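As the structure lists them, so they are numbered: ligands from 1, and atoms in each ligand from 1. Everything numeric here is computed off the predicted structure, so don't read it as measured data.
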Amino acid sequence: MNEKELVLKAIDIKKNSYSPYSHFSVGAALLCEDGDIFTGVNVENVSFGLTVCAERTAFFKAISEGKRKFTAIAIAGGDSFLPPCGACRQVMAEFCDKDFKVIFVKNENEYIIKTLEEILPFSFSEVDMK
Ligand code: THU
């Protein structure tokens, strides 16, 4: 995996963020197992609860194009390392293995790589419904 490429794409796509309420632009770049990359931005709404994070935008774009297997996601926003919110972590858990890599981007040279297991331990999954 070329982490740097994902990081750069997450930073670049922030320019398309629709965030007139928070003024906080977030970009995400999701790497599929087959090498394709889907980007996403946060899309806000005047009815605040309808806002969708950049990570989920990227996932839903990829899922709707038929992708089901993912390797990594880079997330960029603000001036420090940006961790994904809880809702986005649960969406990751729906589609990704425990070793899925989540890259918190500070800038193009500084980023932290965590696994999904590290950032969402004891997650609720299908096996818990058996
Ligand atoms: N946001 C994301 O897009 N991803 C995150 O990981 C954290 C938060 C967005 C949602 C909202 O548009 C803005 O950032 C402020 O919360």
Side-chain angles (χ1 to χ4, degrees):
M1 180 194 39
N2 184 349
E3 291 143 12
K4 192 64 179 276
E5 185 187 349
L6 267 195
V7 166
L8 291 175
K9 281 186 188 295
I11 293 170
D12 179 63
I13 202 67
K14 275 195 300 177
K15 63 180 182 280
N16 291 339
S17 164
Y18 178 75
S19 42
Y21 306 105
S22 71
H23 304 288
F24 188 73
S25 300
V26 182
L30 175 65
L31 177 64
C32 305
E33 200 177 75
D34 64 8
D36 285 354
I37 293 174
F38 286 80
T39 55
V41 297
N42 52 332
V43 183
E44 298 188 344
N45 192 280
V46 65
S47 178
F48 296 161
L50 299 182
T51 293
V52 178
C53 294
E55 298 91 316
R56 275 175 287 156
T57 302
F59 265 96
F60 296 155
K61 281 170 68 180
I63 297 292
S64 12
E65 291 303 315
K67 306 296 180 183
R68 292 293 185 273
K69 291 186 181 298
F70 306 99
T71 306
I73 190 168
I75 310 150
D79 298 327
S80 52
F81 300 104
L82 190 67
C85 80
C88 290
R89 293 177 199 208
Q90 186 64 31
V91 168
M92 291 173 196
E94 181 72 24
F95 296 104
C96 305
D97 295 333
K98 292 177 187 305
D99 63 351
F100 176 73
K101 292 187 172 51
V102 185
I103 307 174
F104 304 3
V105 179
K106 181 173 182 183
N107 58 51
E108 64 178 72
N109 297 311
E110 295 177 279
Y111 45 90
I112 297 169
I113 304 177
K114 300 279 187 190
T115 64
L116 181 56
E117 171 71 0
E118 285 177 300
I119 66 165
L120 190 65
F122 307 107
S123 61
F124 175 59
S125 71
E126 211 181 349
V127 292
D128 298 305
M129 293 203 299
K130 289 196 174 123

Exercise for the section: Between Val41, Thr51, Val43, Asn45, flag the one that comes closest to atom 10 (C) of ligand 1 by a heavy atom. Expected result: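 Of the listed residues, Thr51 has the closest heavy atom.
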
Practice task
Return the option from Phe104, Tyr21, Phe48, Phe24 holding the heavy atom at the smallest distance from atom 14 (O) of ligand 1.
Solution key: Phe24

Please report, to 0.1 Å, the donor-acceptor pairs under 3.5 Å made by any side chain of residues 28-36, with sequence neighbours excluded.
{"unit_1": "Asp34", "atom_1": "OD1", "unit_2": "Asp36", "atom_2": "N", "d": "2.9"}
{"unit_1": "Asp34", "atom_1": "OD2", "unit_2": "Lys67", "atom_2": "NZ", "d": "2.6"}
{"unit_1": "Asp36", "atom_1": "OD2", "unit_2": "Lys67", "atom_2": "NZ", "d": "2.7"}

Fill in the blank from the handout: Of Ser17, Ser19, Ser22, the one forming a side-chain hydrogen bond (donor to acceptor under 3.5 Å, both in side chains) with Glu44 is Ser22

Fill in the blank from the handout: So for Pro83 against ligand 1, with non-hydrogen atoms under 4.0 Å, the contacting part is backbone

Exercise for the section: For ligand 1, indicate whether the residue Cys85 contacts it via side chain, backbone, both or neither (heavy-atom separation under 4.0 Å). Expected result: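 The answer is the backbone.
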
Please indicate whether any nitrogen or oxygen in [X] is less than 3.5 Å from any nitrogen or oxygen in ligand 1.
X	answer
Ala54	yes
Asn42	yes
Glu55	yes

Practice task
For the pair Lys61 (side chain) and Thr39 (backbone), establish whether a donor and an acceptor sit closer than 3.5 Å, ignoring hydrogens and angles.
Solution key: yes

Problem - Glu118 side chain to Thr115 backbone, donor-acceptor under 3.5 Å - result: yes

Problem - Inter-residue atom distance Cys88.SG - Leu120.CG, 0.5 Å rounding - result: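 It is 11.5 Å, given to the nearest 0.5 Å.
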
Exercise for the section: Could you tell me whether ligand 1 has any atom less than 4.0 Å away from a heavy atom of Cys88? Expected result: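 Contact absent.
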
Exercise for the section: State, with a plain yes or no, whether a side-chain heavy atom of Leu6 is found less than 4.5 Å away from one of Tyr111. Expected result: no

Exercise for the section: Kindly indicate whether atom 16 (O) of ligand 1 is approached by any protein heavy atom to under 4.0 angstrom. Expected result: no

Handout entry: Heavy atom of protein inside 4.0 Å of atom 7 (C) of ligand 1, strictly below
Key = no

Exercise for the section: Over 60° means perpendicular and under 30° means parallel, so classify the ring planes of Phe70 and Phe59, tilted if in between. Expected result: perpendicular

So if I count the atoms of ligand 1 from 1 in the order they appear, which ones are less than 4.0 Å from some heavy atom of [X]?
X	value
Ser22	13 (C), 15 (C)
Glu44	11 (C), 12 (O), 13 (C)
Cys53	1 (N), 2 (C), 3 (O), 4 (N)
Val26	1 (N), 2 (C), 3 (O), 4 (N), 9 (C), 14 (O)

Practice task
Over all heavy atoms of both residues, which pair between Gly40 and Ile13 is shortest? Give the atoms and the distance, please.
Solution key: O-CG2, 3.5 Å

Exercise for the section: For Asp99, check salt bridge (charged side-chain N to carboxylate O under 4.0 Å, His left out) against everything at least two apart and list the hits. Expected result: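 If we apply the salt bridge (charged side-chain N to carboxylate O under 4.0 Å, His left out) test to Asp99, skipping adjacent residues, there are no hits.
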
